[in-house]
Amino acid sequence: MFAKLLRFFDTLRRTLSVFVFLLLIGLITAAIMSNRPSVPDHALLVLNPQGEIVEEISTSTAIFPPDFSSPRQTRLRDLIRVVRTAKNDARITAMLLDVQDMDHSSLPALQALGSEIDAFRKSGKQVFAYADHYSQGQYLLAAHADNIWLHPMGMLLVNGFSSYRNYFREALENMHVKIHLFRAGTYKSAAEPLVRSNMSAHARQETQAMLDQLWQAYKHDISMLRGIKPEALQNMLDNLATAIRHYDGDPAAMALGEHLVDKLGSRSELFDQLSRINAESGDETAEKIEFKAYLRALGAEPTNNTHQIGVLTASGAISDGILEGGVNGDDFAELIEQTAENTHIKAVVLRIDSPGGSVQASEKIRAALARLRETGKPIIVSMAGMAASGGYWIAAEADEIWAAPTTLTGSIGVFGVFPNLTKGLASLGIRSDGVGTTRISGGLRPDRPLPKALAETLQAGVDHVYGQFLDIVAKGRHLTQEQTLQLAEGRVWTGVDALRLGLVDKLGGLNAALAAAAQRSGLENNYSVTYIRAKRSLREQILENLLGDAQAWLPRMLIQTPMQVANPAAFAVKRMLPELWRENAYLAELLRPSGGIHAYTGLVIR
């Protein structure tokens, strides 16, 4: 009896704990959602992106409560809306680019945001930038400022673009794991790390060509913004040890001496100078307002209920099931069907930022888009940082395709992976035996050798899907099979090359794609933009607000440490380790014995 009573009170305690926790989360979320701050006069807008700048924030619903140590993200369109509105807001007098907590972001995203910052400056308002250290992406954004500040003990971690991957063949061989790789496309290198110990010659050629183009674009932007000749920047980085000796080994002094930054000073010294500037101009002392607070103050964007252009965002890897931060084929196809039935939406812009993924999921999305086109609604594709492989599969049949010059696209090729653990299990004394009704019965078990007939069948399946991919591209882009084959083979192209080769129609950002959609649907300027998202549960809304808005009010001490100043190398490594884990996550996904054919690039550029 006493034991039952104890179990009752223990159960009651656990239940009450969960209830109190959920109530607390609900109160915090309600406060975040309902608290609409006011914008003070003479305000300094602090644009402080947290984590990676993305097209859509991914919310992991697999873990509750959420893990605040997981990668943070900031939505690009939120940043753009804030900067664009602040440009004409008399209450905003200047802007501070605080890029300290911004992580790696795609070149097109940084360039799109940079263009808005340039427009802000042209309105007559000053822009300052600050960081303890500048990574490559942080510096590109900071270069749009009038004045770039760097901590006296800081440095610029700019070293050029690279694409390095971990290769696992020897490790898998040591574990007696055999990988069967079936692929179509000479350049289709996404799964190479599972069967090679180094980069193949074709992958090396393709990747070097892409990196060179992206690096030229980066140097051109820095040259235009900072007045530094591209060859001077290249020479300094190629001879870095020699360059820093001229400054007695002081990286901050070198950044100042080479005109990469304008001022060395701490964050507090920067704010002291901003106060003096306001005092000298006769303005009141400027109050700070962070961009998240300013965004909440703006409220929801006005909507034209009868004339809308819908924006569907495909952000992340395309999957058949639940893949954190990705696009679920079934769910996205259902969202497209709902868009087709919405009579207020007159045209659709499909914004893609995806390396591809499952062929089956990609085909579900493409088929849903084809049905959407049959309703007479134009579909314009707008490519962000990457729209390749499965990302191009879903784009190929659109009415128009727009890409940024530095978008990575193409990668028209497919592959399949099947792991075999027979030898590894045998080394542990585990054997497989039994009976079947055909020569291939049990052949797709990872604990049995893959029969030759099944291997040939799997390769035939991959070749067939590749043929379907070529047909989709040829039809959508009005190309012959021969022309399509020359552009395919799994090769990835930049937006500039894709335009030259006919894989995209025009170069431009999301705004240009929206204008094209309006023109095709006859809306001209009489329309509003509606971002179409799946209806979220209360749980998902709580998670998104906690992972998004919570970053605006979590104490800075939780996400920044003195190590950022004291040891930039250690700080860089600390950030890189989680990135390495995420880069290899899809390879682990491929090793699941469920199999499947994939249109995925696997390309990672830093």
Side-chain angles (χ1 to χ4, degrees), residues 52-55 76-77 79-80 83 104-119 136-137 139-141 143-144 158 160-163 187 205-226 228-231 233-234 313-315 349-356 380-389 391-392 395-396 398 400-412 473 477 487 491-517 601 603-606:
E52 184 181 4
I53 297 176
V54 296
E55 294 296 322
L76 175 61
R77 69 172 181 264
L79 292 165
I80 287 177
V83 176
H104 170 79
S105 301
S106 73
L107 197 51
L110 296 173
Q111 290 172 324
L113 181 55
S115 295
E116 298 296 335
I117 295 170
D118 290 340
Q136 200 153 264
Y139 181 68
L140 181 60
L141 195 61
H144 290 272
V158 177
F161 289 117
S162 64
S163 181
Y187 292 90
Q205 171 201 352
E206 167 199 49
T207 307
Q208 187 66 61
M210 281 188 300
L211 292 178
D212 288 343
Q213 289 189 54
L214 298 181
W215 182 234
Q216 290 298 328
Y218 184 97
K219 290 190 296 183
H220 174 267
D221 285 357
I222 296 300
S223 175
M224 297 299 293
L225 294 165
R226 298 293 302 171
I228 302 171
K229 292 183 178 180
E231 55 270 24
L233 180 62
Q234 183 76 40
T313 304
S315 180
V349 171
L350 177 61
R351 180 71 167 171
I352 304 175
D353 190 15
S354 173
I380 309 297
V381 163
S382 173
M383 294 179 169
M386 181 178 287
S389 209
Y392 194 82
E400 286 183 33
I401 300 179
W402 289 71
T406 51
T407 293
L408 299 179
T409 188
S411 191
I412 302 165
V473 175
R477 303 307 303 160
L487 306 179
R491 181 155 186 172
V492 183
W493 307 97
T494 63
V496 171
D497 283 341
L499 177 65
R500 174 176 57 82
L501 298 170
L503 290 175
V504 305
D505 296 295
K506 295 179 182 178
L507 297 181
L510 179 58
N511 284 342
L514 288 168
T601 60
L603 184 67
V604 178
I605 293 178
R606 298 292 181 194

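Quick note: numbers below take in every heavy atom, side chains included, and nothing from hydrogens, waters or symmetry partners.
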Enquirer: Taking only residues two or more places apart in sequence or in another chain, which ones pass ring-ring contact (aromatic ring centres under 6.0 Å, His included) with F161?
Expert: W215, Y218

Enquirer: Is the closest side-chain heavy-atom distance between S223 and L233 below 4.5 Å?
Expert: no

Enquirer: Quick one: closest heavy-atom pair of A143 and L225, and the distance?
Expert: O-CB, 3.5 Å

Enquirer: When you compare the side chain of I222 with that of V158, does any pair of heavy atoms fall below 4.5 Å?
Expert: no

Enquirer: Would a 4.5 Å heavy-atom cut-off, applied to side chains only, mark T409 and I352 as touching?
Expert: no

Enquirer: Would you give the length of the straight line joining atom CD of E55 to atom CZ of R77, rounded to the nearest 0.5 angstrom?
Expert: 8.5 Å

Enquirer: Within the structure provided, determine whether L76 and L113 are in side-chain contact (heavy-atom separation under 4.5 Å).
Expert: yes

Enquirer: Do we see a donor-acceptor contact under 3.5 Å between the side chains of Q216 and D212?
Expert: no

Enquirer: Please tell me if the side chains of W402 and V349 come closer than 4.5 Å, counting only heavy atoms from C-beta onward.
Expert: no

Enquirer: Could you report the tightest heavy-atom contact between T407 and A387, atom names first, then the distance?
Expert: CG2-N, 4.4 Å

Enquirer: Taking NZ, NE, NH1 and NH2 as the nitrogens, is one of them in R226 or D221 under 4.0 Å from a carboxylate oxygen of the other?
Expert: no

Enquirer: Just checking, is any N or O donor in the side chain of R351 or S382 under 3.5 Å from an acceptor N or O on the other one?
Expert: yes

Enquirer: T494: which residues meet the side-chain hydrogen bond (donor to acceptor under 3.5 Å, both in side chains) condition with it, sequence neighbours left out?
Expert: Q213

Enquirer: State, to 0.1 Å, how close L603 and S163 come at their nearest heavy-atom pair, and which atoms those are.
Expert: CD1-OG, 3.8 Å

